[in-house]
Amino acid sequence: MEKFNKHTGTAVPLRRSNVDTDQIIPAVYLKRITKNGFEDGLFAAWRNDPAFELNQPQYKTATILVAGPDFGTGSSREHAVWALQNYGFKVVLSSRFADIFRGNSQKAGLLTVILAQEEIEKIWKEIEAKPETSVTVNLESKTVTYGSTTLDFVIDDYTRWRLMEGLDDIGLTFTKIDQVSNFEEKRASFKPKTLPIR
Amino acid sequence: MGKTLAEKIWAEHVVSSTAGEPDLLYIDLHLIHEVTSPQAFDGLRLANRKVRRADLTIATEDHNVPTLNIDKPIADPVSKLQVDTLRKNCEEFGVRIHSLGDVEQGIVHVVGPQLGITQPGMTIVCGDSHTSTHGAFGALAFGIGTSEVEHVLATQTLPLIRPKTMAINVEGTLKPGVTSKDIILAVIAKIGTGGGQGYILEYRGSAIRALSMEARMTICNMSIEAGARAGLIAPDQTTFDYVKDKPHAPSGTDWDAALAYWQTLVTDSDAKFDKEINLNADELAPFVTWGTNPGQGLPLSASVPNPADITNAEDRGAAERALEYMDLKPGTPLKSIKVDTVFLGSCTNGRIEDLRSAAAVIKGKKIADSLRLLVVPGSARVRLQAESEGLDKVFLDAGAEWRSAGCSMCLGMNPDQLKPGERAASTSNRNFEGRQGKGGRTHLVSPLVAAATALKGTLASPADL
Ligand code: SF4
């Protein structure tokens, strides 16, 4: 996973609430067996509409998605995160994220930042008026900055540390693998096993 | 102070806990399917890692498999590649798999319970958000992403932050024709699609206790539509009886030990939930969604709402957008809405009881001319059971299509899809835009409403026939 410290880029407004993972990437695009190439399915149902924000020339190079509340509800498909990353997004801002989506994004290194809905509204207005506005998301100082505005955001220290170090969870767990073995020795014998087949 | 059920199960599975870090939780069962696993197995191979506990892992093919001509090779080359990849991965890593044509093949959340490997007090995960289904047994079960699938394959654990707990108290008695699907749709309409975010839900109360195991699964299944990653119900005699004769149920002294443990799996009387919601079962009616998220639902006797009446700006905008997509006018009685397709199936309502209750409504009648009824059993076993009871004949005689097991039109990844503009009454769990096919429109309903709608051609409950 790439280390995430700070990112500066332009932002695209997505003025919709409850954008679920079926909107982010419909199921028919999930058939790949790799982690890349999902950008063509991103927001597939809306991509043919010239009015859709991502299609507007002023937002073509945006790397920060400013989404409505309850972003990423629905299925557990991590493909939704990959699709956003494959397309070029580094950060998503929203007032509420679905739990599984947020967990997935933190594993894959896509930064999801929670801001109050009124702040999201202000950012929407700013980037609609001035699409070239540069937005900086600083994980080290836990701030989002655009124009003369700086906003603090909250993220738990552990996740922040992992993202900043670019650490892979599996590697971290392997440092505790003896504890896992100890736990296994004490597990009750009546717990079911899938093998042998009965 | 006492503990809630969720807190008990959590505490028993903590492998390691450090302040300021997520707990490392042991996982008792890992379910796998073709869509969310290929990248995880790839990750293992790249890092030269093994599956730590193949004996706690099981795979089935469900999400994109065809439900017709399953004895022929899968026609869609991309789907075929994904299924072949799963088969190869399971072979390489020694994971048990139930493939198309196998009697145990089916939707992953139908297969676990019917094999008896879903039991009370377990931690269960799967790369699928409806893993919450298994919570019906008093297990802590939740959906995970592909990175987490890889993590569980490699270590049989997951680092997780413990969610808060919410009690959903449903007291009273359901009226005839009202089902557990209507309870959960009413819960979601009440708390919203984000209401359960950050919580584990525990469904409690006399109306829940009175439900069968399969009806409980329907409720826990849709916890995710309420925003919660997991939902559970304390195990009781209904649970124990259901598990008892299943192939992987404990036997002999193991059964006694298991039972003694399972009986401790209740929320202590002095435990405190972070939040409580109350619902009166006596007041519930058959429910149906009118919009494009599962929280946009109303009793079937109501009319399409007018967005102008909604005070919350966010909800109003969502309602306007939903009505436009659904092509519905405010004030239209829900019962007057004409439907093109009825889908009976999915991990929400594709079990034998669901098929029985729908068949009882349909028996001896014909479905409306203008409509197709797709019946897709949740697993190959459910299909066989239904056939042994003659349910397939009931459906076929009525003019329905009788299919093989899989997710099918629940997510429209295989050929079973709605056409643009087509309207469906569906017993599945998601009415998102395009979920069942690009441009398709979905109304979520119970199996009883699905059956009555199939006969009438418009949204209806058996009482309307
Ligand atoms: S039936 Fe639908 S909800 Fe259930 S596992 Fe399959 S796709 Fe997911």
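A quick note: this is a predicted structure, and the numbers were derived from the prediction, not measured. Within every chain, numbering begins at 1; the chains are lettered A, B, ... in the order of the sequence lines, protein sequences first and strands thereafter.
A:Lys191 has a carboxylate O that lies under 4.0 Å from a charged side-chain N of B:Asp28, or vice versa, which qualifies the two as a salt bridge. Salt bridge A:Asp20/B:Arg435: absent, no basic N to carboxylate O contact under 4.0 Å.
Considering CG of A:Leu30 and CD of B:Gln82, their distance stands at 7.5 Å, rounded to 0.5 Å. In this structure, CD1 in A:Ile170 is found 6.5 Å from CG in B:Leu44, a value given to the nearest 0.5 Å. Rounded to the nearest 0.5 Å, atoms CG (A:Asp169) and CD (B:Glu150) are 10.5 Å apart.
Counting only heavy atoms from C-beta outward, the side chains of A:Ser17 and B:Arg321 never approach each other to under 4.5 Å. Using a 4.5 Å heavy-atom threshold, the side chains of B:Val35 and A:Arg77 count as separate. Between A:Glu184 and B:Arg53 the shortest side-chain heavy-atom distance falls below 4.5 Å. The closest side-chain heavy-atom distance from A:Ile33 to B:Asp42 is not below 4.5 Å. Residues B:Glu21 and A:Asp157 have side chains not in contact (no heavy-atom distance under 4.5 Å, counting atoms from C-beta outward). Residues B:Glu433 and A:Asp22 are not in side-chain contact: their nearest non-hydrogen atoms beyond the backbone lie 4.5 Å or more apart. The shortest side-chain heavy-atom distance between A:Trp82 and B:Thr146 falls under the 4.5 Å cut-off. At least one side-chain heavy atom of A:Lys107 sits less than 4.5 Å from a side-chain heavy atom of B:Pro159.
Note: A:Gly74 leads A:Gly74, A:Gly103, A:Ala98, A:Ala188 in heavy-atom pairs under 4.5 Å with chain B. Of the listed residues A:Ala44, A:Pro69, A:Ala45, the one with more heavy-atom pairs under 4.5 angstrom with chain B than any other is A:Pro69. The greatest number of non-hydrogen atom pairs below 4.5 Å with chain B, out of A:Asn104, A:Val180, A:Thr159, is found for A:Val180.
Only the side chain of B:Thr157 comes within less than 4.5 Å of a heavy atom in chain A; its backbone stays farther off. Looking at B:Thr57, the atoms closer than 4.5 Å to chain A (heavy atoms on both sides) all sit in the backbone: N, CA, C or O. Residue A:Arg162: no heavy atom, backbone or side chain, is found under 4.5 Å from chain B. With a 4.5 Å cut-off on non-hydrogen atoms, B:Val95 does not touch chain A at all. Looking at A:Lys176, the atoms closer than 4.5 Å to chain B (heavy atoms on both sides) all sit in the side chain, from C-beta outward. Both the backbone and the side chain of B:Ser79 have a heavy atom closer than 4.5 Å to some heavy atom of chain A. Residue B:Asn414: no heavy atom, backbone or side chain, is found under 4.5 Å from chain A. Contacts between B:Gln119 and chain A at a heavy-atom distance below 4.5 Å involve the side chain alone, from C-beta outward. For chain B, the nearby part of A:Phe183 is the side chain; its heavy atoms alone come within less than 4.5 Å.
For the residue pair B:Asp254/A:Ser189, the side-chain donor-acceptor check at 3.5 Å is satisfied. Side-chain contact, A:Glu78 with B:Ser147: a donor N or O sits under 3.5 Å from an acceptor N or O. In this structure, a donor-acceptor pair under 3.5 Å is absent between the side chains of A:Asn18 and B:Glu314. With 3.5 Å as the limit, one finds a donor-acceptor pair spanning the side chains of A:Ser181 and B:Arg52.
Judged by distance alone, with hydrogens and angles left aside, the side-chain atoms of B:Gln39 form a donor-acceptor pair with the main-chain N or O of A:Arg32 at under 3.5 Å. Side-chain N or O atoms of B:Thr155 include none that pairs as donor or acceptor with a backbone N or O of A:Thr173 at under 3.5 Å. Although no hydrogens or angles enter the test, the distance criterion places a donor-acceptor pair under 3.5 Å between the side chain of A:Ser76 and the main chain of B:Ile144.
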request  = Begin from the C-alpha positions of B:Gln197 and A:Asp70 and carry the test side chain to side chain contact (heavy atoms under 4.5 Å, CB included) through to its verdict.
outcome  = CA-CA 10 Å; B:Gln197 245 168 57; A:Asp70 294 315; 3.2 Å; yes
